[in-house]
Amino acid sequence: MLRISKSAYDSIRCHGEEAYPHECCGVLLGQMNGDGRVITSSVPCGNTRTDSPRNRYHIDPKELVRIQREGRERNEDILGFYHSHPDHPARWSRTDLAEAHWFGCSYVITSVEKGKAETTNSFLLDGTGETDKHLDDEPIQIAP
Amino acid sequence: MKILIPTPLRQYSDKQPAVEVEATTVGEALSGLVARHPDLRRHLYTEDGKLRAFVNVYLNDEDVRYLQKEATQVRDSDTISIVPSIAGGR
Ligand SMILES: [Zn+2]
């Protein structure tokens, strides 16, 4: 289960609409408490894949380094990432799985149909390493 | 100096978000880290001992690949950040 604040949820969907017809991407931060993870903020990032922005995304690691460091200072950790699928279902692709390396983190995908955010789904990266990793469906709960 | 551990790797660093090590180079710092937390090794390095392609190591705000890699000199006040890459596409 992924718990996410209403404001973070709304901003990632909004980012998907703004970036359309390109893929948007960003980072989800929050707290781990026990087994649960609560997303309290989202940070929009630039998509560095200017060669193929309609169907690929990549976040500059320099941005991640900054977000990770500044998050620590506020006691927030990186717990997930989001991106959009312009005119494509909100399901993970082979590329999404191959490029996923943050185990225990959520990969949130929003389908954006003709410029309008439709479905938002979350997938948890599970497994013990690169050879047995998999993305599992996880329900999203929107916290007020 | 301080090494910031990304959330997915904290299960191998006794849940610590940051680890303090004594080192004069990036390579020494990383060796110190895996000596203390051996389970981190296979997540950071390939079987032939190369840093995995998707593992980014930054010294403060610079990618060590564009400095002198593992030979890059470090100071006590520096911070190394480890960040696995983020990418994908439909
Ligand atoms: Zn995707």
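Naming convention: chains lettered A, B, ... in sequence-line order (proteins, then strands); numbering from 1 in each chain.
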Chain B contact via A:T128 - which portion, at a heavy-atom distance below 4.5 Å: both
A:F81 portion near chain B, given a 4.5 angstrom heavy-atom threshold: side chain
Pairwise side-chain contact, A:I78 with B:P6, heavy-atom cut-off 4.5 Å (strictly under): no
Interface moiety of A:C25 toward chain B, non-hydrogen atoms closer than 4.5 Å: neither
Shortest non-hydrogen contact between B:P84 and A:H101, atoms and distance: CB-CB, 3.9 Å
Over 12 non-hydrogen atoms of neighbours within 6.0 angstrom of CZ in A:R74: yes
Per-residue contact mode, B:L9 against chain A (heavy atom under 4.5 angstrom): neither
Hydrophobic cluster membership, A:L124 vs A:I140, 4.5 Å side-chain cutoff: no
Those residues of residues 59-70 of chain B, ordered by number, that approach chain A below 4.5 Å (heavy atom to heavy atom): B:N60, B:D61, B:E62
Side-chain donor or acceptor of B:R90 paired with backbone N/O of A:S93 under 3.5 Å: no
Part of A:D60 lying under 4.5 Å from any heavy atom of chain B: side chain
Sidechain-backbone polar pair: A:D96 side chain, B:G89 backbone, donor-acceptor under 3.5 Å: yes
Steps toward salt bridge (charged side-chain N to carboxylate O under 4.0 Å, His left out) verdict (B:R10, A:D77): CA-CA 11 Å; B:R10 287 186 204 157; A:D77 286 313; 3.1 Å; yes
Positions in residues 47-55 of chain B that reach chain A, provided some heavy atom is under 4.5 Å away: B:R52, B:F54
Sequence-distant partners of B:Y58, ring pair (Phe, Tyr, Trp, His ring centres under 6.0 Å), two or more places apart: none
Over all atoms of both residues, closest heavy-atom pair of B:S81 and A:Q68: CB-NE2, 4.1 Å
Among A:M32, A:R72, A:H83, residue most engaged with chain B (heavy-atom pairs, under 4.5 Å): A:R72
Residues of residues 24-43 of chain B near chain A, each having a heavy atom less than 4.5 Å away: B:R42, B:H43
Chain B contact via A:R54 - side chain, backbone, both or neither, heavy atoms under 4.5 Å: backbone
Same apolar cluster (I L V M F W Y, side chains within < 4.5 Å links), B:V57/B:I5: yes
Considering all heavy atoms, the nearest B:A87-A:H58 contact: CB-CD2, 3.9 Å
Single-linkage hydrophobic cluster, 4.5 Å side-chain cutoff, A:Y107 and A:I12 together: no
Path from B:I86 to A:F103 over hydrophobic side-chain contacts below 4.5 Å: yes
Hydrophobic cluster membership, A:L29 vs A:I59, 4.5 Å side-chain cutoff: yes
Non-hydrogen atoms of A:C105 and B:T7 that approach each other most closely: SG-OG1, 3.8 Å
Chain B interface, residue from A:R66, A:E130, A:R49 that has the most non-hydrogen pairs under 4.5 Å: A:E130
